[in-house]
Amino acid sequence: MSSNKVYKPKPVSGFPEYLPEVRLVEQQWLDHIRRVFESYGFCSVETPSVEELDVLSAKGEVDKEIYVLERLHKEEGGKDARLALHFDQTVPLARYVAQHFNDLTFPFKRYQMQRVWRGERPQAGRFREFTQCDIDVINVDSLPLHFDAEMPAIIWETLSSLPGMENEKIQLRISNRKILIGLLEGKTNNIPEALRIIDKIEKIGKDEVTKLLSKDCAIDDENIKIIMNLVGHDGYYILQDLTASNEMMAQGMEEIKFVKEQLSNLPEEAVKVDLSIVRGLDYYTGTVYETVFTDDPGYGSICSGGRYDDLAGQYINKALPGVGISIGFSRLFAKLLEQGKLPIARKSPADVLMLLPADDQHDKATEAAQTLRKNGHNVEMYHKAQKLQKQLSYAEKKGIPYVWFPGDGEVKDMATGEQVKADPQSWTPHE
RNA sequence: GCGACCGUAGCUCAGCUGGUAGAGCACUCGGUUGUGAUCCGAGUUGUCGCGGGUUCAAGCCCCGUCGGUCGCCCCA
């Protein structure tokens, strides 16, 4: 402390942290999301920050940059670390369901709001540590398609009512993987690559996609035409007179039509069928979701998910289909913060600052504060009998809306300056 | 992991063709007795990211390195 050599702290890139006034709004958001999720009957689950590496990599290649845990004082010749931070909440859920299979009641509906970690290079809206808010439904053997339709409805309700989101234009884009995969069947021997290219259509444009499909996937011009017709227009419109080229494609078409029709009570622009959407995660098998700011789709998806017919199958010998969606909380929040659209106000949750005009009023102040707290108000005590000038400006700076004078029992409204006699037992703020 | 740009007080930045650092904000105190937001005065704050080189002299030039931002990859 007294040393003149200070270590100058700097933020760790990709690991956001906020000031109290921002955090206050963040908590408001999390509470809001939690309430909506619970209103649909989802129950809360929290899993450890770490999973065994084998669990995380059970599905597909580990192309995600996973943070592996390594102990600082690892003993020489010690075994390699087997634990890693989870990079999403879906894989841990699958493990969770498999592990507690006997004790869960199906359909199992859970929400999970935790941090996840990805070792990617940070950018605007992309972090290395961030919060996701997931809802998923998992059932045994089969899961009604109604759940696929319920997901976007819940998300729409949640996002459009978040404080500060009222005027944001967002759009849920939905698709069904079976359509594109069915269509590509037999047209290329590199379907994954073709999907990756098509998924980028918004970013790189139709011409570039056309070029790449021909060059990298060896798809002939006629088939490219068919594909581009499918993904280059409003999907729901295209579906009306599209002929399926195989069973898988037909199934996908039927499913997406059903989902879209179930969502007809939402505003016109809220949900759009976009057949170019595939999503990178390889465990999705049917419906997929993506959500963007209509005026800034390049910012990336702020809420994605989909159906997976067999995720837990890696951990248990049962058929456990599920569908889920995840709010990219940090990405969404960061965008509104950056644009100054969050309702940032107070720096403290205190409603009242209990002043201390003189030391001999301390007991009285404590008593009044306790009474106020019992009645549901948040009260901070000023513990040093400094000039009132200081105490008031402290309240002002922290954005505490009321100050209390314990001596003669008066309360002052900092916004209006009005000061009146009040009883801590019965006092309530003006609105 | 690859490419482009950037790195000066806690924050945002200025610093002329190289001559050994400044502004605003913030912070502390004050403008007399128990009342804040404005205003005024005073004060504190820097190994100019780090290391090396060129030079009589470098924040400014060169090389390296680390860190940051953006793009690619991938994704919430």
Side-chain angles (χ1 to χ4, degrees), chain A residues 4-16 19 60-66 86-90 112-134 155 159 170 192-193 195-197 199-200 203-204 208 277-282 284 288-293 298-306 324-335 338 353 355-361 382 385-408 410-419:
Chain A
N4 50 13
K5 205 156 197 179
V6 294
Y7 175 79
K8 193 176 169 182
K10 38 187 183 260
V12 181
S13 176
F15 291 75
L19 293 171
E61 331 79 75
V62 190
D63 52 350
K64 300 227 169 305
E65 300 212 26
I66 296 177
H86 59 229
F87 54 82
D88 75 357
Q89 298 178 137
T90 311
Q112 197 167 342
M113 308 183 1
Q114 289 180 238
R115 291 189 176 178
V116 304
W117 295 267
R118 290 183 197 174
E120 296 169 302
R121 270 202 94 82
Q123 260 165 55
R126 172 198 280 181
F127 305 101
R128 296 200 281 205
E129 174 180 78
F130 57 100
T131 300
Q132 287 189 314
C133 307
D134 283 36
I155 290 304
L159 296 187
I170 55 169
E193 179 62 17
L195 292 176
R196 220 189 323 273
I197 293 168
D199 197 47
K200 280 196 274 196
K203 198 166 199 170
I204 64 179
E208 193 64 23
I277 302 221
V278 231
R279 304 265 71 227
L281 288 170
D282 38 25
Y284 295 127
V288 283
Y289 317 101
E290 202 168 280
T291 313
V292 293
F293 285 99
Y299 186 67
S301 176
I302 49 164
C303 182
S304 310
I325 191 162
S326 168
I327 299 175
F329 184 94
S330 302
R331 174 175 289 180
L332 178 62
F333 190 76
K335 166 102 171 168
E338 201 242 326
L353 177 68
L355 303 176
L356 185 62
D359 279 319
D360 60 11
Q361 290 179 24
Y382 204 93
Q386 284 179 301
K387 311 170 81 161
L388 279 176
Q389 190 176 229
K390 274 196 166 306
Q391 303 193 33
L392 285 163
S393 90
Y394 174 75
E396 206 273 324
K397 269 191 288 189
K398 271 202 172 177
I400 301 173
Y402 295 93
V403 293
W404 202 281
F405 293 80
D408 38 15
E410 290 187 349
V411 64
K412 174 177 175 132
D413 182 331
M414 292 297 283
T416 63
E418 187 193 4
Q419 187 169 330

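Each chain gets a letter, A, B and so on, in the order its sequence line appears, and its residues count up from 1.
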- Query: What is the distance from CD of A:E120 to P of B:C72, rounded to the nearest Å?
  - Reply: 13 Å

- Partners of A:D360 by side chain to side chain contact (heavy atoms under 4.5 Å, CB included), sequence neighbours excluded? A:A358

- Query: A:R121 has an atom CZ; how far is it from atom P of B:G67, in whole Å?
  - Reply: 9 Å

- Closest heavy-atom contact between A:V288 and A:I277? CG2-O, 3.7 Å

- When the distance from NZ of A:K200 to P of B:C74 is rounded to whole Å, what number comes out? 5 Å

- Query: Using the P atom in both, what is the distance from B:U54 to B:A23, to the nearest Å?
  - Reply: 35 Å

- Query: Rounded to the Å, how far apart are A:E129 CD and B:C75 C1'?
  - Reply: 17 Å

- Message: Pairs counted only when both distances fall under 3.5 Å, Watson-Crick or G-U: show me the 5' to 3' dot-bracket for RNA chain B, [ ] for pseudoknotted crossings and | for other-strand partners.
- Response: (((((((..((((........)))).(((((.......))))).....(((((.......))))))))))))....

- Note on the structure: With B for base contact, S for sugar-phosphate-only contact and - for none (protein heavy atoms under 4.0 Å), nucleotides 31-40 of chain B reads S--BBBB---

- Message: In whole Å, I'd like the distance from the CG atom of A:D199 to the P atom of B:C73.
- Response: 11 Å

- Message: Rounded to whole Å, how long is the line connecting atom OH of A:Y284 with atom P of B:C74?
- Response: 16 Å

- Task: Rounded off to whole Å, could you give me the CG-to-C1' distance for the A:L332 and B:C75 pair?
- Result: 16 Å

- Note on the structure: For A:E193, the side-chain hydrogen bond (donor to acceptor under 3.5 Å, both in side chains) test, sequence neighbours excluded, returns A:R196

- If each of A:K203 and A:Q132 is mapped to the nucleotide of RNA chain B with the nearest heavy atom, which maps nearer the 5' terminus, i.e. the 5' end? A:K203

- Distance test, side-chain N/O of A:K397 to OP1/OP2 of B:A26, below 4.0 Å: no

- Sequence neighbours excluded, the answer for ring pair (Phe, Tyr, Trp, His ring centres under 6.0 Å) partners of A:Y382 is A:Y394

- Measure the distance from OH on A:Y289 to C1' on B:C75 and round it to the nearest whole Å. 19 Å

- Item | Check: A:P357 and A:P406 side chains under 4.5 Å, non-hydrogen atoms | yes

- Message: Looking at B:C74, I'd like to know if its phosphate oxygens (OP1 or OP2) sit under 4.0 Å from a side-chain N or O belonging to A:R196.
- Response: yes

- Item | Which atom of A:I400 lies closest to which atom of A:L353, heavy atoms considered | CG2-N, 3.5 Å

- Name the nucleic acid region contacted by A:A124, choosing base, sugar-phosphate or nothing; use a 4.0 angstrom heavy-atom cut-off, strictly under. sugar-phosphate

- Would you please name every residue forming a ring pair (Phe, Tyr, Trp, His ring centres under 6.0 Å) with A:F333, sequence neighbours left out? A:Y18, A:W29, A:F329

- Message: Ignoring hydrogens, what is the shortest heavy-atom contact between A:S301 and A:V292? Give both atom names and the distance.
- Response: CA-CG1, 4.4 Å

- Message: Can you confirm whether A:R128 is buried at CZ, in the sense that more than 12 heavy atoms of other residues, nucleotides or ligands lie under 6.0 Å from that atom?
- Response: yes

